[in-house]
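If you read the sequence from its start, that first residue is 1, and numbering goes on from there.
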Amino acid sequence: MKTDFDVIVVGGGPAGLYASTVLQKGIPTQNKSEKLRVALFDQGNLGGLAKFGYITFSKRWSFSGSKIISALYKEIVEAGVNIHDNTPITSVKYDEISDVVNVSSNDKVYTSKYVIITSGIFPNPEAMLHKNILLGLHTPEKMLNDIKRKDWKSVLIYGSDNNAINKLKQNLASLDKSIEYGTKLQNLHLESNYWEQGKHKLPGIYKSTFEKWDGMLIDYNAYKVINGTTSLIELDNAVKTEQGYILTNHFGKTNCERIYAAGNVANVISGVLIALSSALTAALTVGRLFNDRVISEPTGRFPWFPREFSWEESWLPYLEDQEELTSFGNSGEYKKRKASKLK
């Protein structure tokens, strides 16, 4: 069956951007486009939560998240990925009869041969743009320092787990009794009741509720272990989840043959490096399903997961030849070795 796309990537954070690039262009050692029809969807602006942070790669290297996102965005534009930002996806379902995945937006259904879900762990990163919303990171003491810098006297604590937000409320109240605290558990099933002010919407928050408080503190620590984004998308019944995380094998494959997941939506250990690593693996695995032959020397798509049918056709003998040629030059000894291998 003819589909709208070969692969749809759902979620435009670091994992989604990188997976789209790898699917469309292959890895950097390649010099040909994969010629796949790749589409990237995100409910808001591309970049996810990463664009608001400062990403540490090592003790010596760290970069602005916005710079990393800008670089990845430039790659997908140059590669020719079909970009659909500000387009929330409501469901991802496999159609056994047609053998395609139906990806539904609010007003349209797109068909694809494969889907990679990379929706991350936070339901709407654009909420961070609002001056009266804080992302609660690190310890309660550090959160309190951020609250005091804002000079807030009343704070609504918002999060994905009731026990977590109530415990955080107790900890903050014990540190400073002069500040009033309330709690609000996100409700992912009240989409029509989202508080909407530009891009600043959070599941289950009414504008009238928010305005009763000086500001809102988001319990991000709980989001890192209890995922909230998968509840925003109606998934195929075959796709297994646990605490909101999509369960996959080591290559990003779910229980559904044509649906994969990568990034923080599929990893309890979160972070940009984890997201990029799993996105690379899932994208290369899906790409291999379209073309299991090497398309450019010397490394092909996957250095540790070659796509060739046999050893003789693989890139490994090529590298051995290069190594021996370097050692012996174009000498009689090299030619003898080469001849013995061909027998």
S.K.: Measuring from Ser66:OG to Tyr73:OH, what's the distance to the nearest 0.5 Å?
M.R.: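 Between atom OG of Ser66 and atom OH of Tyr73 there are 14.5 Å.
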
S.K.: CG of Leu156 to CD1 of Ile133: how many Å apart, nearest 0.5 Å?
M.R.: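 Between atom CG of Leu156 and atom CD1 of Ile133 there are 10.0 Å.
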
S.K.: Do we see a donor-acceptor contact under 3.5 Å between the side chains of Ser119 and Thr229?
M.R.: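 Distance-only check passes for Ser119 and Thr229.
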
S.K.: Check the hydrophobic clustering (I, L, V, M, F, W, Y; side-chain heavy atoms under 4.5 Å; chains of links allowed) and say if Tyr54 and Ile218 are grouped together.
M.R.: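 Different hydrophobic clusters.
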
S.K.: Where do Ile83 and Ile76 come nearest, in terms of heavy atoms and distance?
M.R.: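 Looking at all heavy atoms of both residues, the shortest contact is CD1-CD1, 3.7 Å.
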
S.K.: So, Asp42 side chain and Gly44 main chain: donor-acceptor pair closer than 3.5 Å or not?
M.R.: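 At least one qualifying donor-acceptor pair exists.
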
S.K.: Would you check if the side chain of Asp4 reaches a backbone N or O of Thr111 as a donor-acceptor pair within less than 3.5 Å?
M.R.: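 Yes, the answer is positive, given that a donor and an acceptor are paired below the 3.5 Å cut-off.
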
S.K.: Using side-chain contact (heavy atoms from CB on, under 4.5 Å), reason through Asn132 and Asp214 one step at a time and then give a plain yes or no.
M.R.: CA-CA 7 Å; Asn132 289 343; Asp214 290 340; over 6 Å; no

S.K.: To the nearest 0.5 Å, tell me how far Lys169 NZ sits from Asp219 CG.
M.R.: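 Answer for the NZ-CG pair, Lys169 versus Asp219, is 14.0 Å.
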
S.K.: Run Phe290 and Lys113 through side-chain contact (heavy atoms from CB on, under 4.5 Å) and show every step you take.
M.R.: CA-CA 10 Å; Phe290 288 96; Lys113 296 175 183 176; 3.7 Å; yes

S.K.: Measuring only between side-chain heavy atoms, which start at C-beta, is Ile116 closer than 4.5 Å to Val286?
M.R.: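 Yes - at least one pair of side-chain heavy atoms lies under 4.5 Å apart.
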
S.K.: Between Arg258 and Tyr114, is NZ or CZ placed under 6.0 angstrom from the six-membered ring centre and within 45° of the ring axis?
M.R.: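 That pair qualifies as a cation-pi contact.
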
S.K.: Report whether Ile69 and Trp61 are members of the same hydrophobic cluster (ILVMFWY, side-chain heavy atoms less than 4.5 Å apart, transitive linking).
M.R.: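 Yes, same cluster.
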
S.K.: Treating Gln186 as the side-chain partner and Tyr158 as the backbone partner, does any N or O pair qualify as donor plus acceptor under 3.5 Å?
M.R.: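 No, Gln186 side chain to Tyr158 backbone: no donor-acceptor pair under 3.5 Å.
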
S.K.: Can you tell if the side chain of Leu284 reaches within under 4.5 Å of the side chain of Val22, non-hydrogen atoms only?
M.R.: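 Yes, their side chains come closer than 4.5 Å.
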
S.K.: Give, for atom CD of Gln243 and atom OG of Ser160, the distance between the pair rounded to the nearest 0.5 Å.
M.R.: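 Reported to 0.5 Å precision, the distance equals 9.5 Å.
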
S.K.: Could you check whether Arg37 and Ser112, counting side-chain N and O atoms only, form a donor-acceptor pair closer than 3.5 Å?
M.R.: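 No - no donor-acceptor pair under 3.5 Å links their side chains.
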
S.K.: So, does Ser98 use its side chain to make a donor-acceptor pair with the main chain of Asp95 at under 3.5 Å?
M.R.: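 Flag not set: sc Ser98 to bb Asp95 has no pair under 3.5 Å.
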
S.K.: Just how far is it from atom OG of Ser70 to atom CG of Leu17, taken to the nearest 0.5 Å?
M.R.: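 Those atoms lie 10.0 Å apart.
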
S.K.: Should Lys153 and Glu180 count as an ion pair when the cut-off is N to O under 4.0 Å?
M.R.: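 Not counted as a salt bridge, because no side-chain N and carboxylate O are separated by less than 4.0 Å.
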
S.K.: Taking all atoms of both residues into account, what is the closest heavy-atom pair of Tyr18 and Leu276, and its distance?
M.R.: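 For Tyr18 and Leu276, the tightest heavy-atom pair comes out as CD2-O, 3.5 Å.
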
S.K.: Any side-chain heavy atom of Tyr245 sitting closer than 4.5 Å to one from Ile226?
M.R.: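 Tyr245 vs Ile226: side chains apart.
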
S.K.: Would you mind reporting whether Asn102 and Val92 have side-chain heavy atoms less than 4.5 Å apart?
M.R.: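 Counting from C-beta outward, Val92 and Asn102 never come under 4.5 Å.
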
S.K.: Restricting to non-hydrogen atoms, name the atom on Lys212 and the atom on Ser154 that form the minimum distance, rounded to 0.1 Å.
M.R.: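 Heavy atoms only, the tightest pair is O-OG, 4.3 Å.
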
S.K.: Looking only at heavy atoms, what is the nearest atom pair of Ala279 and Ala15, with distance?
M.R.: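 The answer is CB-O, 3.3 Å.
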
S.K.: Is there a donor-acceptor contact under 3.5 Å from the side chain of Ser277 to the main chain of Ile274?
M.R.: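 Not a single qualifying donor-acceptor pair exists.
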
S.K.: When you compare the side chains of Ser104 and Ser91, does any donor N or O come within less than 3.5 Å of an acceptor on the partner?
M.R.: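 The answer is yes; a qualifying pair exists.
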
S.K.: When you measure from the side chain of Asn264 to the backbone N and O of Gly271, does any donor-acceptor pair fall under 3.5 Å?
M.R.: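 Yes: the side chain of Asn264 pairs with the backbone of Gly271.
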
S.K.: Looking only at the aromatic ring of each residue, does the gap between the centers of Tyr220 and His138 stay below 6.0 angstrom?
M.R.: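 That pair fails the under 6.0 Å test.
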
S.K.: For Thr254 versus Thr248, what's the shortest heavy-atom pair and its separation?
M.R.: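 The pair with the smallest heavy-atom distance is CG2-CG2, 4.1 Å.
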
S.K.: Rest of the hydrophobic cluster containing Met143 (Ile/Leu/Val/Met/Phe/Trp/Tyr, side-chain heavy atoms under 4.5 Å)?
M.R.: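 Joined to Met143, directly or through intermediates: Leu134, Leu144, Ile147, Trp152, Val155, Ile157, Ile165, Leu168, Leu172, Leu175, Ile179, Tyr181, Leu185, Leu217.
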
S.K.: Got more than 12 heavy atoms from elsewhere within 6.0 Å of CD, Glu96?
M.R.: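 Not buried by this count: 12 neighbours or fewer within 6.0 Å.
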
S.K.: What I'd like to find out is whether the side chain of Asp176 reaches to under 4.5 Å of the side chain of Lys148, using heavy atoms alone.
M.R.: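 A side-chain contact exists here, since the closest heavy-atom pair is under 4.5 Å.
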
S.K.: Measure across Gly12 and Leu40 and return the closest heavy-atom pair with its distance rounded to 0.1 Å.
M.R.: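 Answer, listing the atom of Gly12 first, then Leu40: CA-CD1, 4.0 Å.
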
S.K.: If you group Ile, Leu, Val, Met, Phe, Trp and Tyr by side-chain heavy-atom gaps below 4.5 Å, do Met128 and Tyr223 land in one group?
M.R.: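 Yes: a chain of side-chain contacts under 4.5 Å links Met128 to Tyr223.
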
S.K.: Test of understanding: clusters of I, L, V, M, F, W, Y form through side-chain heavy atoms closer than 4.5 Å, transitively. Do Leu247 and Val268 belong to the same one?
M.R.: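 No, it is not one cluster - the side chains of Leu247 and Val268 are not joined through contacts under 4.5 Å.
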
S.K.: Yes or no on side-chain contact (heavy atoms from CB on, under 4.5 Å) for Asn124 and Gln43, after CA distance, side-chain angles and deciding distance?
M.R.: CA-CA 8 Å; Asn124 185 22; Gln43 68 167 349; 4.0 Å; yes

S.K.: Is Val109 linked to Val101 within one hydrophobic cluster, defined over Ile, Leu, Val, Met, Phe, Trp and Tyr using a side-chain heavy-atom separation of less than 4.5 Å?
M.R.: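 Not linked; separate clusters.
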
S.K.: Any heavy-atom pair between the side chains of Lys51 and Glu126 that's under 4.5 Å?
M.R.: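 A side-chain contact exists here, since the closest heavy-atom pair is under 4.5 Å.
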
S.K.: Tyr260 and Thr285: side-chain contact (heavy atoms from CB on, under 4.5 Å), yes or no, with the steps?
M.R.: CA-CA 10 Å; Tyr260 287 68; Thr285 304; 4.1 Å; yes

S.K.: Is Glu257 atom CD crowded by more than 12 heavy atoms from other residues, nucleotides or ligands, each under 6.0 Å away?
M.R.: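 For Glu257, atom CD is not crowded (no more than 12 foreign heavy atoms under 6.0 Å).
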
S.K.: Let me confirm one number: the CG-CG distance from Asp161 to Asn166, rounded to the nearest 0.5 Å.
M.R.: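 Going from CG on Asp161 over to CG on Asn166, the span is 9.0 Å.
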
S.K.: Report yes if the side chains of Ile117 and Leu235 come closer than 4.5 Å at any heavy-atom pair, otherwise no.
M.R.: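 Yes; the side chains approach each other to less than 4.5 Å.
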
S.K.: So, do Val115 and Val7 sit near enough that their side-chain heavy atoms are less than 4.5 Å apart?
M.R.: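 Of all side-chain heavy-atom pairs linking Val7 with Val115, none is under 4.5 Å.
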
S.K.: Would one find more than 12 heavy atoms of other residues, nucleotides or ligands at under 6.0 Å from atom NZ of Lys150?
M.R.: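 Result for NZ/Lys150: enclosed.
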
S.K.: Mind telling me whether Tyr110 and Phe5 have parallel, tilted or perpendicular rings, with 30° and 60° as the class edges?
M.R.: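 Taking Tyr110 first and then Phe5, their aromatic rings sit tilted (interplane angle of 30° to 60°).
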
